[in-house]
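I have placed the structure first, in the form of structure tokens, so that the comments after it can refer back to it.
Counting begins at 1 with the first residue of the sequence.
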Amino acid sequence: MRWYGNIGFAITTNKDDIYTEEIQEKPYKGDILKRSPRWQATDKVNDDLTITDQISVVADDFAYQNVGIMKYAELSGSKWKIVSADLQYPRIILTIGGVWNGN
């Protein structure tokens with residue numbers, strides 16, 4: 001299945017010796033390799049939906065140089081945390097987990 005969406009990168013900026021993280025989104029395309037949503041039991045009223053999908057992204061130089069600051073990938077209208085990245089030039093295989101609740 002084809003995938004097209006944004007990947008969020010946490011870019012650290014320094015202004016007057018105050019460091020902050022700003023999210024920069026960049027569009028990418030690739031393929032969804034694996035789909036496996038599941039409900040994760042929690043102590044909350046409703047369980048959390050967690051997915052362990054894998055997305056094979058056609059990467060550019062920016063993605064390769066900044067793979068360590070990738071925070072989320074958009075999928076099905078939501079932002080999902082990137083839990084691991086496997087570099088397989090010219091692609092990066094991203095494994096995504098729970099919903100990203102960042103900035």
Side-chain angles (χ1 to χ4, degrees):
M1 178 187 303
R2 295 276 185 216
W3 171 82
Y4 180 82
N6 289 321
I7 293 178
F9 296 85
I11 307 294
T12 302
T13 59
N14 177 8
K15 187 174 185 179
D16 300 326
D17 290 333
I18 298 173
Y19 291 88
T20 58
E21 275 190 354
E22 295 179 9
I23 299 298
Q24 178 181 352
E25 290 186 341
K26 292 187 61 93
Y28 287 94
K29 61 183 174 180
D31 300 301
I32 296 176
L33 303 178
K34 181 176 130 185
R35 302 259 350 196
S36 54
R38 68 183 192 287
W39 291 102
Q40 182 175 358
T42 63
D43 56 351
K44 299 183 247 177
V45 174
N46 295 321
D47 293 339
D48 291 334
L49 177 63
T50 302
I51 60 176
T52 52
D53 291 3
Q54 287 187 328
I55 301 172
S56 175
V57 176
V58 179
D60 58 7
D61 288 338
F62 182 85
Y64 271 103
Q65 293 169 1
N66 295 288
V67 69
I69 60 171
M70 287 181 177
K71 295 295 181 181
Y72 64 82
E74 291 181 348
L75 180 67
S76 301
S78 296
K79 295 176 181 176
W80 299 90
K81 286 186 277 189
I82 295 174
V83 295
S84 70
D86 182 16
L87 304 177
Q88 295 183 7
Y89 188 82
R91 293 179 172 262
I92 298 175
I93 310 299
L94 302 175
T95 303
I96 55 178
V99 174
W100 185 73
N101 293 316
N103 298 343

- Message: Apply side chain to side chain contact (heavy atoms under 4.5 Å, CB included) to residues I18 and T20 and explain how you reach the verdict.
- Response: CA-CA 7 Å; I18 298 173; T20 58; 4.2 Å; yes

- Message: With rounding to the nearest 0.5 angstrom, report the CD1 to CD1 distance, I11 to I23.
- Response: 8.0 Å

- Query: Is it true that the side chains of E74 and Y4 contain a donor and an acceptor less than 3.5 Å apart?
  - Reply: no

- Item | Side-chain heavy atoms of K71 within contact of F9, under 4.5 Å | no

- Message: Hydrophobic cluster membership, with links at side-chain heavy-atom distances under 4.5 Å among I/L/V/M/F/W/Y: are V58 and M1 in one?
- Response: no

- Co-membership, hydrophobic cluster, residues L75 and V83, 4.5 Å side-chain: no

- Of the non-hydrogen atoms in I55 and A73, which two are nearest, and what is the gap between them? CD1-CB, 4.5 Å

- Message: Taking atom CG as the centre, does D61 end up with more than 12 heavy-atom neighbours from other residues, nucleotides or ligands that are less than 6.0 angstrom away?
- Response: no

- Heavy-atom pair of closest approach, residues A85 and V67: CB-CG2, 3.6 Å

- Message: Using a 3.5 Å distance criterion without hydrogens, assess whether the side chain of N66 forms a donor-acceptor pair with backbone atoms of I69.
- Response: no

- Would D60 and Y28 count as having a side-chain donor-acceptor pair, cut-off 3.5 Å? yes

- Item | Gap separating the OH atom of Y72 from the CG atom of N6, nearest 0.5 angstrom | 6.5 Å

- Message: With side-chain contact (heavy atoms from CB on, under 4.5 Å) as the test, pick out the partner of Q54 among L94, T95, I96, D86.
- Response: T95

- Rounded distance (nearest 0.5 Å) linking atom CD1 of I82 with atom CE of M70: 5.5 Å

- Output the distance between atom CD1 (I7) and atom NZ (K26), rounded to the nearest 0.5 Å. 10.5 Å

- Item | Which residues share a salt bridge (Lys or Arg N to Asp or Glu O under 4.0 Å) with D31, sequence neighbours left out | R2, R91

- d(E22 CD, T13 OG1) to nearest 0.5 Å is 4.0 Å

- Heavy-atom closest contact (Y64 atom, A59 atom, distance): CE1-CB, 3.4 Å

